[in-house]
Amino acid sequence: MKTKRLLLGDEALALGALNAGLSGAYAYPGTPSTEILEFVQANPLTAERGIHSHWSSNEKTAVEEALGMSFCGKRAIVSMKHVGMNVAADCFVNSGMTGANGGLLVIAADDPSMHSSQNEQDSRFYADFAFIPALEPSNQQEAYDMARYGLELSEKYAIPVMVRLVTRLSHSRAVVEVDEQAEPQNELHYPASPRQWVLMPGISKKRYPVLIEDYEKLRDEAEKSPFNSYTDAPDHSLGIVVTGLAANYLAEIFPKGCPFPVVKISQYPLPTKMISRLFDECDEVMVIEEGQPLVERQLRGLLDRHGRVYGKLSGEVVRTGELTPDNVRAAIVKVKGDHEALMPQTVKGESQIVQPRPPALCQGCGHRDVYGALNDALAKFENPKVFGDIGCYTLGFLSPFNAIDTVVDMGASITMAKGAADAGQHPAVAIIGDSTFTHSGMTGLLDAINEDSPILVIISDNLTTGMTGGQDSQGTGKIEDICIGLGAAPEHVRTIDALPKNHDDLVALFTEELDHKGLSVVVARRECIQTARRHASAKNKK
């Protein structure tokens with residue numbers, strides 16, 4: 001039996017996995033992937049079936065935990081944003097070598113236009129690099145359907161499957177037809193070839209040729225996939241290859257049907273026969289894909305002497321930011337001129353109803369008090385440097401604080417401050433949030449502890465993962481113990497409440513520790529104002 005629900009793309013994928021017999025969901029929060037695990041956690045089926053659904057310390061641990069569940073024959077998903085794939089790359093790439101036992105989906109939510117990210121990297125390259133099949137839904141219904149399909153494909157070929165989402169799909173809603181009943185969970189069972197999971201060179205050398213051979217079989221699966229299609233049309237002067245979400249933009253500019261043949265791709269590796277047919281039957285080919293030009297590069301090859309392929313590399317399709325119906329239309333016009341099937345351009349310009357608003361730290365946020373006090377403490381120094389990290393406190397870079405000199409990746413504040421101190425920089429300050437600290441900061445702190453580096457590490461602890469909506473932080477209530485346990489001198493692990501009334505005390509504490517000739521850690525603690533409000537509201541309802 002089927003029913004209909006209004007779902008985000010993230011929610012549709014999560015519900016599809018739940019209904020396909022999921023046993024475990026692992027994640028580290030990051031926009032636009034956060035809602036996947038949140039949906040699993042809130043679903044009644046999770047408590048009813050005892051489905052594991054806790055946040056992990058980082059993306060690498062999440063993938064490894066999901067891989068462990070797969071080893072035991074259970075179905076698992078692991079979700080993260082695209083830059084999280086960099087953290088998880090070691091285990092993700094090697095999971096292609098170990099394979100999977102229970103179905104395993106690795107969900108990467110990419111962020112074209114960098115709505116909340118450092119870059120626009122495209123996770124499909126990771127799947128291609130690791131010989132791991134990938135699915136790329138074009139709408140919410142496909143996201144739901146692909147969960148079961150992907151888990152079954154994973155078990156059929158004993159390999160993890162990537163599902164690549166993008167922001168506009170993850171965070172938009174549509175009506176989705178879903179199952180009313182969920183499949184039973186897999187029984188505990190172990191791999192038929194358990195030695196394959198021990199990646200010693202002698203074993204990996206035998207596994208690698210099998211991985212390559214299976215990848216060609218997965219190409220055949222892509223040819224017959226329900227998510228890939230060849231749609232013929234009368235005008236063969238141009239053929240179009242469109243991937244994932246971009247299929248919607250093409251449909252929008254051709255509401256009566258595209259006049260050119262179209263190969264729609266939502267399952268990788270590329271369906272070679274479909275694309276070969278397009279090249280054989282059409283004079284020229286345009287590639288329209290959300291993200292980086294993965295498909296276009298593969299179709300062009302190294303030399304690209306024939307000039308038949310148009311797309312991002314040749315300049316017709318915009319290279320940065322998200323695709324839109326307007327820039328897809330403009331790309332086709334560049335190649336075909338004002339084709340009669342093209343509708344007039346939509347109205348351009350910013351909405352007159354919703355005006356853009358620059359991001360800012362919330363009023364009442366403890367990070368504000370930390371930055372205000374830090375700026376005062378650093379005022380006496382000629383050239384202080386503050387190394388920042390990833391979180392809502394990154395907004396301290398903006399006015400009125402202008403307090404951060406660098407932000408690179410999760411955990412880089414401590415290691416960069418250490419490297420700067422190694423070069424002779426003083427003062428060198430690292431500021432990092434509690435969740436980012438347990439994600440990637442602890443190893444950097446250990447380096448600094450081992451050399452007693454003369455840096456001040458400020459852990460701005462708001463008792464949650466505030467940037468992504470208030471998920472659990474793995475270090476809550478344990479930050480100081482972790483630092484001391486790693487070897488930091490207890491007398492230089494200091495704690496203070498980040499409150500306006502404590503401004504002078506904050507300044508004095510920072511000043512004192514900046515004068516220390518070794519490593520200092522200050523934990524400045526104040527609950528996130530947003531989670532505090534939610535906690536107070538929940539308490540009042542009881």
Side-chain angles (χ1 to χ4, degrees), residues 8-10 12 31-33 81-82 108-124 136-143 164-174 231 233 238-260 262-266 284-297 309-359:
L8 295 174
D10 279 353
T31 304
S33 70
K81 67 184 297 174
H82 60 298
D110 290 358
D111 190 20
S113 284
M114 295 178 280
H115 296 281
S116 183
S117 304
Q118 306 98 298
N119 65 32
E120 288 192 11
Q121 74 185 53
D122 191 323
S123 298
R124 295 176 301 167
E136 185 182 12
S138 63
N139 55 49
Q140 287 79 358
Q141 185 66 58
E142 283 192 351
R164 187 239 187 175
L165 301 172
V166 293
T167 301
R168 294 295 177 188
L169 178 58
S170 290
H171 286 172
S172 60
R173 293 186 185 274
T231 304
L238 180 68
I240 297 177
V241 177
V242 64
T243 70
L245 186 68
N248 296 280
Y249 303 139
L250 188 66
E252 187 169 333
I253 64 173
F254 292 116
K256 296 180 180 179
C258 183
F260 311 109
V262 176
V263 172
K264 181 248 183 187
I265 297 171
S266 284
E284 297 173 313
V285 173
M286 173 171 282
V287 181
I288 303 171
E289 53 190 322
E290 186 75 284
Q292 296 173 343
L294 170 73
V295 174
E296 186 182 350
R297 285 185 186 279
V309 180
Y310 299 98
K312 297 191 174 191
L313 295 175
S314 57
E316 286 75 22
V317 181
V318 293
R319 185 69 186 266
T320 62
E322 295 171 294
L323 294 177
T324 67
D326 280 350
N327 58 41
V328 170
R329 178 187 289 107
I332 297 175
V333 168
K334 283 182 181 179
V335 176
K336 298 305 299 177
D338 291 317
H339 195 280
E340 61 182 3
L342 287 165
M343 300 292 290
Q345 297 259 350
T346 57
V347 177
K348 293 184 178 180
E350 293 178 350
S351 167
Q352 299 303 304
I353 300 175
V354 180
Q355 291 294 326
R357 180 170 64 91

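As the structure is a computational prediction, the values presented were derived from the model and not from experiment. Worth knowing before you read on, the calculation uses all heavy atoms, side chains too, and leaves out hydrogens, waters and symmetry mates.
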Exercise for review: List the atom of A246, the atom of I288, and the distance in Å for their closest heavy-atom pair.
Suggested key: CB-O, 3.7 Å

Exercise for review: Might you point out which heavy atoms bring L238 and F260 nearest each other, and give the distance in Å?
Suggested key: O-CB, 3.1 Å

**Study point:** Carboxylate-amine/guanidinium contact K312 E120, below 4.0 Å
**Key:** no

Review point. Is there a side-chain contact between D110 and Q121 (heavy atoms, below 4.5 Å)?
Key: no

Point to revise | The single option from S123, S117, S170 passing side chain to side chain donor-acceptor pair (under 3.5 Å) against K81 | key: S117

**Study point:** Shortest non-hydrogen contact between V328 and Y249, atoms and distance
**Key:** CG2-CB, 4.0 Å

Check your understanding: Hey, what do you get for CG (D10) to CG (L169), rounding to the nearest 0.5 Å?
Key -> 8.0 Å

Practice item. Apply the test side chain to side chain contact (heavy atoms under 4.5 Å, CB included) to residues E289 and I265: give CA-CA distance (whole Å), side-chain angles for both, the deciding distance (0.1 Å), then the verdict. Key: CA-CA 9 Å; E289 53 190 322; I265 297 171; over 6 Å; no

Practice item. May I have the step-by-step check of side chain to side chain contact (heavy atoms under 4.5 Å, CB included) for C258 and I240, ending in yes or no? Key: CA-CA 9 Å; C258 183; I240 297 177; 4.0 Å; yes

Exercise for review: Please tell me if the side chains of V287 and V317 come closer than 4.5 Å, counting only heavy atoms from C-beta onward.
Suggested key: no

Check your understanding: Looking at NZ of K336 and CD1 of I332, how far apart are the two atoms once the value is rounded to the nearest 0.5 Å?
Key -> 10.5 Å

Check your understanding: Any ion pair linking E290 and R168 (charged N to carboxylate O, less than 4.0 Å)?
Key -> no

Point to revise | Straight-line distance of N248 CG to L323 CG, nearest 0.5 Å | key: 11.0 Å

Review point. Hey, are the side chains of V309 and S314 touching, using non-hydrogen atoms and a 4.5 Å cut-off?
Key: no

Point to revise | Sub-4.5 Å side-chain heavy-atom contact between Q292 and R297 | key: no

Revision key, fill the gap. dist R164:CZ -> L294:CG (nearest 0.5 Å) comes out at 8.5 Å

**Study point:** Closest non-hydrogen atom pair between R124 and D122, with its separation
**Key:** NH2-OD2, 2.8 Å

Practice item. Compare all side-chain heavy atoms of L313 with those of R319 and state whether any distance is below 4.5 angstrom. Key: yes

Exercise for review: Can you measure from CG (L245) to CD (E322) and round to the nearest 0.5 angstrom?
Suggested key: 8.5 Å

**Study point:** Test item: T231 and K264 side chains (from C-beta on) under 4.5 Å apart, heavy atoms
**Key:** no

Exercise for review: Flag the pair H82 / N119 as yes when at least one side-chain heavy-atom distance between them is below 4.5 Å, and no otherwise.
Suggested key: yes

Check your understanding: Backbone N or O of S172 within a donor-acceptor pair of the Q140 side chain at under 3.5 Å?
Key -> yes

Practice item. Search all heavy atoms of S266 against all heavy atoms of S138 and return the closest pair with its distance. Key: OG-N, 4.1 Å

Check your understanding: What heavy-atom pair brings P32 and D111 nearest, and what distance separates the two atoms?
Key -> CD-CB, 4.3 Å

